[in-house]
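Just so it is clear: chains get the letters A, B, ... in the order the sequence lines come, proteins before strands, and each one is counted from 1.
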2 protein chains.
Amino acid sequence: MTFSERIGQLDAKDHAPLYRQLQKVLRDAIANHILGPDDALPAERDFAEELGVSRITVRKALDGLVSEGLLVRRQGAGTFVAARVEKNFSKLSSFTEDMIARGRIPHSAWLSRTEGLVTPEESLTLGLSPGAPVYRFNRIRFADGAPMALEYSTLAAFCMPSPEFVETSLYEALEKTGHRPVRALQRLRAVLFTDEQAELLGVAPRDAGLLIERRGFLKDGRAVEVTQSYYRGDAYDFVAELNAL
Amino acid sequence: MTFSERIGQLDAKDHAPLYRQLQKVLRDAIANHILGPDDALPAERDFAEELGVSRITVRKALDGLVSEGLLVRRQGAGTFVAARVEKNFSKLSSFTEDMIARGRIPHSAWLSRTEGLVTPEESLTLGLSPGAPVYRFNRIRFADGAPMALEYSTLAAFCMPSPEFVETSLYEALEKTGHRPVRALQRLRAVLFTDEQAELLGVAPRDAGLLIERRGFLKDGRAVEVTQSYYRGDAYDFVAELNAL
DNA sequence: CATATTGGTATCTAAATGGTCTCAAGACAC
DNA sequence: GTGTCTTGAGACCATTTAGATACCAATATG
């Protein structure tokens, strides 16, 4: 069984560009579980020959799906259907560490990085006195170039000299100053993205997402971090292993 | 019976690299308890010969699984399936018990309660032989009279005499027959409700929900239960306490 | 203790694969 | 016409995969 028999054919009568037709075929195949996570696509050259189109066309089609986060390319290895990111809900880890552990390349785009004063609400959850200084970090998180999550963090200012101290990983920065949380409370719920959020993440408006609110605590029990993360529902799985008592 | 007959074969037609195919085969075998803790793998040289690949390829596959903690190597001795590390992060409880613990009153409305045969997909996750009988339970779960979740459960038939044995709580019924799961794997993701689901739960169509898929295992490692629960995103929070390792 | 077996490591080769580039032809909108 | 988009052909590079072979180090066995 050839690959194109599995996923469907291109239609010569269709007037849409070839690469868009191919994208549609692949998108459908992934949506209908004809292609599963980590399934390998044929090599670009083989794929092109099989479809009777040029490699350029195949690449152009794949380019789009890669930037959507549907496919993952590895030079020298091949192109694969992106596995949903499986985040372990039982382990305290940061986005950066998580992605690296999965062989994906994380990066962030800053929305803002500011100093400010605690809001009354934050002063309760962080246990700070009113008027205490905090740092705020808002950013978009990417994996292999595809947006995965929006992250809004508030940090007690005592744990680092300035907001610019955070280069990429929040937890890495906290590690350096010896203020990395060792315990956290997490709450998780399903939400609908607002239009603005959907736009930032490149998903459809009113798509489903996961809101995870985390409060991180130091060894001595002080709260140091409050983070609200909005994860793409179509790209994220949370996995937990449970045990009876 | 050769080892590769136990765990499955590699597929020449698959475009994925050989070592990844082998990883997948082994991962599945471990997940489905075809390979249990401390089971020995063939020696690398033998394994390579049996599979018709080079030792390098076998080693590369094992390298990955070892770094994931699924396998353990002992030089001069062999490679073994890692004994599972038991961690008590959360408590394995049922909807009924959960609601009672929160001071709410649970009840259910049956959508269906039937006997049937395993689907091929279920036979993999439940580790049943094809054609084995199962019970299916579909219902709406309420708390204080308000619909909270849709629950689709499949149970291996050996764990109770008939589907009618389940009155309200699935886990209570399993407790009685001594087949209550002691361990579970849960995965959780955000989804959009279908119109039908939204109607059943009394929420707006295309509202956000949480899909929780749970596989429950007995003490002896047999899988006994697969449940997919769709929780209302606006009414359900999941809370977890995490600890750094 | 000796020996065989096992995993651990290293070096080399070859092939396959994505990444990138140049050059060009045709369709279409402005 | 002019520019843009699409598609094609071909070349070359860096990386990954896979294999062959040899030898070392730890362990099991007798």
Side-chain angles (χ1 to χ4, degrees), chain A residues 2-4 9-26 38-83 102-105 143-146, chain B residues 3-4 9-26 38-82:
Chain A
T2 69
F3 193 79
S4 40
Q9 310 281 335
L10 302 187
D11 180 6
K13 287 188 296 266
D14 193 334
H15 288 272
L18 287 173
Y19 78 97
R20 286 197 177 273
Q21 290 185 43
L22 179 51
Q23 286 182 338
K24 178 166 167 43
V25 166
L26 286 170
D38 282 328
D39 275 3
L41 269 60
E44 291 176 357
R45 290 166 181 83
D46 297 345
F47 206 4
E49 189 180 356
E50 193 179 316
L51 296 166
V53 301
S54 78
R55 187 179 165 211
I56 304 243
T57 307
V58 171
R59 274 191 70 79
K60 179 126 190 184
L62 301 190
D63 282 346
L65 298 177
V66 167
S67 66
E68 283 176 34
L70 242 52
L71 298 180
V72 176
R73 280 207 265 231
R74 296 196 351 252
Q75 183 173 167
T79 305
F80 305 85
V81 177
R102 287 177 166 71
R104 305 191 66 168
I105 299 170
D144 291 339
Chain B
F3 193 77
S4 43
Q9 310 280 336
L10 303 186
D11 179 6
K13 284 191 299 265
D14 195 334
H15 292 96
L18 288 172
Y19 80 98
R20 291 192 138 214
Q21 291 186 42
L22 179 52
Q23 286 182 339
K24 179 166 165 46
V25 166
L26 287 170
D38 289 328
D39 276 3
L41 270 60
E44 291 176 358
R45 289 169 181 81
D46 298 345
F47 205 4
E49 189 180 357
E50 192 179 319
L51 295 167
V53 301
S54 78
R55 187 182 163 211
I56 306 235
T57 305
V58 171
R59 275 191 68 80
K60 178 123 192 187
L62 300 190
D63 282 347
L65 299 176
V66 166
S67 69
E68 283 176 34
L70 242 52
L71 298 179
V72 176
R73 280 207 266 230
R74 299 213 317 270
Q75 185 172 168
T79 305
F80 306 86
V81 177

Below 3.5 Å between N/O atoms, which protein atoms pair up with nucleotides 4-10 of chain C? Just atom names and distances, please.
from	atom 1	to	atom 2	distance (Å)
C:dT6	O2	B:Gly76	N	3.3
C:dG7	OP1	B:Thr79	OG1	3.4
C:dG7	OP2	B:Glu44	N	2.8
C:dG7	N7	B:Arg45	NH1	3.1
C:dG7	O6	B:Arg45	NH2	3.1
C:dG7	N2	B:Gln75	OE1	3.1
C:dG8	OP2	B:Arg59	NH1	3.2
C:dG8	OP2	B:Arg59	NH2	3.3
C:dG8	OP2	B:Arg73	NE	2.8
C:dG8	N7	B:Arg55	NH2	2.8
C:dG8	O6	B:Arg55	NH1	3.1

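- For the atom pair CD of B:Gln23 and CG of B:Leu18, the computed distance is 11.5 Å after rounding to the nearest 0.5 Å.
- Taking the side chain as every heavy atom from C-beta outward, A:Leu51 and A:Thr57 never approach each other to under 4.5 Å.
- For the pair A:Ser67 and A:Ala146, the tightest heavy-atom approach, listed with the atom from each and the gap, is O-CB, 3.8 Å.
- Separating the OG1 atom in B:Thr79 from the CG atom in B:Leu71 is a distance of 7.0 Å, to the nearest 0.5 Å.
- Overall bending of the helix from C:dC1-D:dG30 to C:dC30-D:dG1, expressed as the angle between end axes built from five pairs apiece, is 30° (10° steps).
- The nearest whole Å value for the distance from the CZ atom in B:Arg20 to the C1' atom in C:dT17 is 14 Å.
- Residues A:Leu22 and A:Val53 fail the side-chain proximity criterion, which asks for heavy atoms closer than 4.5 Å.
- Distance check: B:Arg20 CZ to A:Asp39 CG gives 10.5 Å after rounding to the nearest 0.5 Å.
- Distance CG/B:Asp38 to CZ/B:Phe80: 8.0 Å, rounded to 0.5 Å.
- Under the rule for a ring pair (Phe, Tyr, Trp, His ring centres under 6.0 Å), the partners of A:Phe47 that lie at least two apart in sequence or sit in another chain are A:Phe3.
- With sequence neighbours excluded, no residue forms a ring pair (Phe, Tyr, Trp, His ring centres under 6.0 Å) with B:Tyr19.
- Atom CZ in B:Arg55 sits 10.5 Å away from atom CG in B:Asp46 (nearest 0.5 Å).
- Closest of all the heavy-atom pairs between B:Ala16 and A:Ala40 is N-CB, 3.4 Å.
- Heavy atoms only, all atoms of each residue included: B:Val58 and B:Ala48 are closest at CG2-CA, 3.6 Å.
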Review point. How would nucleotides 24-30 of chain C be written as a contact map, 5' to 3', with B for base contact, S for sugar-phosphate-only contact and - for no contact, using protein heavy atoms under 4.0 Å?
Key: -------
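- Here the range on DNA chain D touched by chain B, meaning any atom under 4.0 Å from one of its heavy atoms, is D:dT17 to D:dA28.
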